[in-house]
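Step one of this worksheet: look at the structure below.
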Amino acid sequence: MAIPRTDSNPIIPTFSDAPDGGTAAWLVAAGGSSIFFCCLGFGNSFGSLAEYYLTHQLHAETPDRVAWIGSLSAFLSFAAGMVGGPLFDRFGAWVIRPAAVAYVFGMMMLSLCDKYWQVMLVQGVLMGIAMGFLQVPAFAAASQYFDKKRGAAFGIVVSGSSIGGVIIPIALSKMLNSSSLGFGWSIRIIGFLIMPFLGFACLTIKARLPSRTTDFWIPSAFKDVKFVLVIVSLFLMFFGMFTPLFFIPTYAVSRGMNATLAGYLLAIINAASTFGRVIPGVLADRYGQLNVFAFGGMATGITIFCLNSATTNAGLIVYCVIFGFVSGTIISGASAAFSICIADPRDVGTYMGMGMALSAIGGLIGPPVNGAFLNKYGGFLQVSMFSGTVCLFGGLIVLVTKTRTSQGVLGRV
């Protein structure tokens, strides 16, 4: 029988090894992938919506104010995990079901919005919080079923966002720019699309380990230097990496690309990131989670530096393929990096929730800051230089994190 653990009783109970496969384990991974298809897949479509907002119902708003909608939603989708993660550790997968209902409700309400405050409240706040209660528990559940193959499993879970990020931007771009459906029905159709995926996730995601009954949060986690450094590195990566996701359609239109084709660029990024999430996840299990995470951050930063050099349609498409692949490593890599800081597997949701919540502040601040750069300078050179530097520095912080491990900087960790 497992021995209860408290802050004054640090005894870590032992459980059976994670199965690292089998029907139940892969169904959990598939359910997690379905959640990311609906949540981060839609979030990755914000560039298409931002371009539409700026030319339609929110045409009187500046780019940085519109960017706040997407950045707040992205922030809350991880920050709400600070509550969603511990709730999963305590109550299991039940936390996912009301969150799924709230998310679909938010999508339907978004279809009725035509004012800035309405879009901010629904897409920025309600849907952002619901995503946090869905995504972090999905990661935590997969972590309980996989150990040696955890990187690959996380890659599969997050790849759902890439597939959603292919289908949803193309569908939205087509419906918004090349049909008579209008904004309302375009959003409602996406709402109907995600319903069966969320239903599947509610049926398949289950906790493997017994619930914990210790403190809701674990403040002692912040005494671990590795954990703090991973948070700092992901904060910096989030600060920079959302720039192309939010602004690439606007940048492409400024370079003369057709608005419909510009909307497809996000689908290209997400198609490439499917491979960038699965392949590095498999490699992380062999060569080390921190090694792959560091590579993702540094490569993404270097790629963002080159944004302003893509000036033709062909150049922009190639750029999106490269950016999609290298940036795809970051979220799944960060989740695997957080997992190496956890001693008790029952704490995985709490650790990921706390770590993601603090890191997500970078995603909250980054896009509006870059929107302000765009507003002031009228071009993307300053935006790309600033975001690329911040993201690159985040990758270097991961290398510093390796000095706190027993394997050292050159180790496979």
Side-chain angles (χ1 to χ4, degrees), residues 18-22 24-41 43-44 77-78 81 134-167 197 200-201 204-205 230 233-234 237-238 241 245 269-300 303 321-342 348-349 351-352 355-356 359 395 398 412-413:
D20 272 319
W26 291 117
L27 280 175
V28 169
S33 186
S34 296
I35 282 178
F36 274 83
F37 173 93
C38 302
C39 296
L40 198 56
N44 286 345
S77 71
F78 294 104
L134 290 165
Q135 292 177 164
V136 173
F139 267 137
S143 182
Q144 292 187 0
Y145 285 85
F146 294 91
D147 183 15
K148 295 178 182 178
K149 297 180 181 178
R150 184 173 292 165
F154 282 172
I156 291 171
V157 170
V158 185
S159 69
S161 67
S162 302
I163 298 170
V166 172
I167 296 172
F197 289 94
F200 175 77
T204 57
I205 295 180
V230 171
S233 64
L234 185 58
M237 292 182 202
F238 275 164
M241 71 171 283
L245 291 173
I269 288 175
N270 286 294
S273 72
T274 304
F275 301 98
R277 282 165 177 157
V278 175
I279 295 173
V282 174
L283 294 176
D285 292 328
R286 181 168 184 176
Y287 298 107
Q289 286 93 340
L290 291 181
N291 289 334
V292 172
F293 185 37
F295 165 79
M298 291 186 289
T300 301
T303 305
V321 171
I322 296 171
F323 175 78
F325 182 86
V326 296
S327 65
T329 309
I330 290 178
I331 293 179
S332 58
S335 303
F338 280 128
S339 70
I340 71 171
C341 305
I342 302 167
V348 64
Y351 268 75
M352 285 189 179
M356 290 285 190
S359 302
V398 182
R412 292 189 177 185
V413 60

Set of residues satisfying side chain to side chain contact (heavy atoms under 4.5 Å, CB included) with respect to [X], sequence neighbours excluded:
{"X": "Ser273", "result": "Ser162, Asn270, Arg277"}
{"X": "Ser77", "result": "Met131, Gln135"}
{"X": "Phe295", "result": "Ala299"}
{"X": "Thr204", "result": "Leu27, Phe200"}

What's the shortest heavy-atom distance between [X] and [Y], and which atoms?
{"X": "Val166", "Y": "Ala271", "value": "CG2-N, 3.2 Å"}
{"X": "Cys341", "Y": "Ala337", "value": "SG-O, 3.8 Å"}
{"X": "Ala138", "Y": "Ile35", "value": "CB-CD1, 4.1 Å"}
{"X": "Val321", "Y": "Ala272", "value": "O-CB, 3.2 Å"}
{"X": "Ala29", "Y": "Val157", "value": "O-CG2, 3.7 Å"}
{"X": "Gly349", "Y": "Val136", "value": "O-CG1, 3.9 Å"}

OG1 on Thr274 to CZ on Phe325, rounded to 0.5 Å: 11.0 Å
Residues which pass ring pair (Phe, Tyr, Trp, His ring centres under 6.0 Å) with [X], listed by chain and number, not counting sequence neighbours:
{"X": "Phe78", "answer": "Phe238"}
{"X": "Phe37", "answer": "Phe197"}
{"X": "Phe323", "answer": "none"}

Side chains of [X] and [Y] in contact at under 4.5 Å (non-hydrogen atoms):
{"X": "Ile330", "Y": "Leu234", "value": "yes"}
{"X": "Gln144", "Y": "Val28", "value": "no"}
{"X": "Phe338", "Y": "Ser359", "value": "yes"}

Summary of ring pair (Phe, Tyr, Trp, His ring centres under 6.0 Å) pairs that have at least one residue in residues 140-162, sequence neighbours excluded: Trp26-Phe146, Phe139-Phe154
Distance-only, no hydrogens or angles: does the Ser33 side chain make a donor-acceptor pair with backbone N or O of Ala30 under 3.5 Å? no
Between Ser233 (side chain) and Val230 (backbone), is there a donor-acceptor pair under 3.5 Å? yes
